[in-house]
Structure formats: C-alpha cells, structure tokens
Number of protein chains: 2
Amino acid sequence: MKSYRHPALRSVTLPVVMQALSDPWRLKIVRLMLEAGDRAFTCSDVPMDVGKATRSHHFQVLREAGLIRMRPVGNTCQTTLRREEFEKRFPGLLAMVAAYKGRR
Amino acid sequence: MKSYRHPALRSVTLPVVMQALSDPWRLKIVRLMLEAGDRAFTCSDVPMDVGKATRSHHFQVLREAGLIRMRPVGNTCQTTLRREEFEKRFPGLLAMVAAYKGRR
DNA sequence: GTCGATGTTCGATTTTCTTCGAACTTTCTC
DNA sequence: GAGAAAGTTCGAAGAAAATCGAACATCGAC
C-alpha cells in the first residue's frame, strides 16, 4: 500500500469541505463513520454502487478535505474520521452532518 | 421584476446546500448577510468581480438551496437570509459558516 | 415617452466533477 | 511462487457547473 498525504487542517478551506460533502456518496461515507463511533473502515467496507476506481477517488477527496485519515494496513486502507482536529477547525459541522435526516 | 420561487426547506437536501456553499462567491454572500444581521441586500450590493449574469446565477443557486429569500422591490431584488427556517432544517450550519475564519 | 439602472434569460465556451475500464502494485494465502 | 484481493493510477468519456456577452424586460427619474 501507498502512504497517504494528509493536509494540515489549518490549510483546509470551507469551500473545499463543502465541495467534499456535496456528493451523496461522500456524505454517506462520513455519516456512516459518524454513526460508527471510532471504528475504522476499509474502502470496501462502505457499500457503494460504483467501481473501485471511483471509490478510491471519493476517499481521496475526503482525505484532501481533512475529513478522514487513511492508514495502510496490510493491503487495506484503515480509514477513520479526523474528529477532534476537524471539530476544532470547523466547530459544529460534523454534529450538523450527523443530525441531518434526509429529505423531509 | 420577476417573482421568485422559493423551495420549502423540507425539500432541500444537505448535498444541495453543501454544493451551494462550496463556491467562494456564494459563501461570501452568505457570510456578508450573516454579519449584517437582518439588513436586506440587493444583488449589486454585494461586491463581486463577475459579470451580472454570473451574479444573478449565484443568487439563484443560493435561493434554490433555501438559503436566501428574494423579493422584487422596484427594479431591485431585496435579498435576506432565511435564518430561522434554515436553522430549523440544518441546525448549526449558519453558525458554523459565521464562525469560519478563512485559511489559517 | 425616453433613458439609465437593475436584473433575468439565452446560448456558447471553458472548466471542473464523476465515472469507468484497464493496467499496475502490494500484500495475503495456499 | 502462483493466484486472488485491495487499492491506486492513468487516460478518456460524459455530465455538471461557472462564466461571459448579448438581448431582453421592468422600473424609476427626468
């Protein structure tokens, strides 16, 4: 596995985060991880109806938006939310995402 | 002036809101209005380095994301945030946007 | 009524996303 | 080592978004 580049949260801008969360698949990933507490996921743990190239791309976008941390473990990528750091930079954002209940 | 269509907040989804706020100009508009309390703006009140067609487009996107309310007054459009409604649907989002301090 | 200002709409262009398949690398298992 | 599994990378194709200029409509002022 490759090792991943993670941006410092200070350098992440709000438009970039908003862009990352504007895609339904990526929003789903983040919400799944929010629900799952601090459990780590691999890319293929997240059910998505797209090819693996696309899946890889979405994880990359989330990573570059400072939302997730990816660590190579064996031939998988262990992925977790960057909760505390992210919360410091964008207070309340994750809570809002977690509270969101879809179309009403 | 035309009269505008405003979506019910119930029908607005989070990805649509995120998409609306992922553009720097639109984020600027919203932040300007957040700072300005309940004062109404016209489109040309907001300094933006784009043509008026583009400006009109950005206001439309914000309107369709449920963020702003536009009312024709004379030959201008009086624009205000849909604060309370929006806050009910996406609690904490506007506060987070208001608190955002740019790149650090 | 004519003019200037404010916006909107339309069509076209450019840029940015999303998605895919194919080829590749790394790692685990047999 | 051979084969399978998990991801990544690399184009390429298609869809969506941003931007503009030009034409248009509406309103206020003169």
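Hydrogens, waters and symmetry mates are skipped; everything else that's a heavy atom, side chains included, is used. Labels below follow one simple rule: chain letters A, B, ... track the order of the sequence lines, proteins then strands, and each chain is numbered from 1.
- Between A:Phe59 atom CZ and D:dG7 atom P the separation is 8 Å, expressed in whole Å.
- OP1 or OP2 of C:dT19 sits under 4.0 Å from a side-chain N or O of A:His58.
- Closest to the B:Met70 side chain, of the nucleotides C:dT8, C:dT18, D:dA6, is C:dT8.
- Summarising the geometry, the separation between CD on B:Gln78 and P on D:dG28 is reported as 12 Å, rounded to the nearest angstrom.
- Among the nucleotides C:dT9, C:dG7, C:dT18, the one closest to the side chain of B:Tyr4 is C:dG7.
- Put simply, NE2 on A:His57 is 18 Å from P on D:dA12, counting in whole angstrom units.
- Applying the 4.0 Å criterion to OP1 and OP2 of D:dA22, one finds that B:Lys52 has every side-chain N and O outside that range.
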How is the base pairing of DNA chain C summarised as a dot-bracket string, given the Watson-Crick and G-U wobble criteria with both distances under 3.5 Å, [ ] for crossing and | for another strand?
||||||||||||||||||||||||||||||

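- Near-neighbour residues of DNA chain C inside residues 20-46 of chain B, defined by a heavy atom below 4.0 Å, number-ordered: B:Thr42, B:Cys43, B:Ser44.
- Side chains of A:Arg69 and A:Thr80: a donor on one and an acceptor on the other come within 3.5 Å.
- Between B:Thr54 and D:dC20 there is a side-chain N or O to OP1 or OP2 distance below 4.0 Å.
- Minimum atom distance to the side chain of A:Ala53 is reached by C:dA22, of the listed D:dC20, C:dT18, C:dA22.
- Positionally, the nearest nucleotide of DNA chain C for A:Gln19 lies more toward the 5' end than for the other of A:Gln19 and A:Val50.
- In terms of position along DNA chain D, the nucleotide closest to A:Arg55 lies nearer the 5' end than the nucleotide closest to the other residue of the pair B:Asn75 and A:Arg55.
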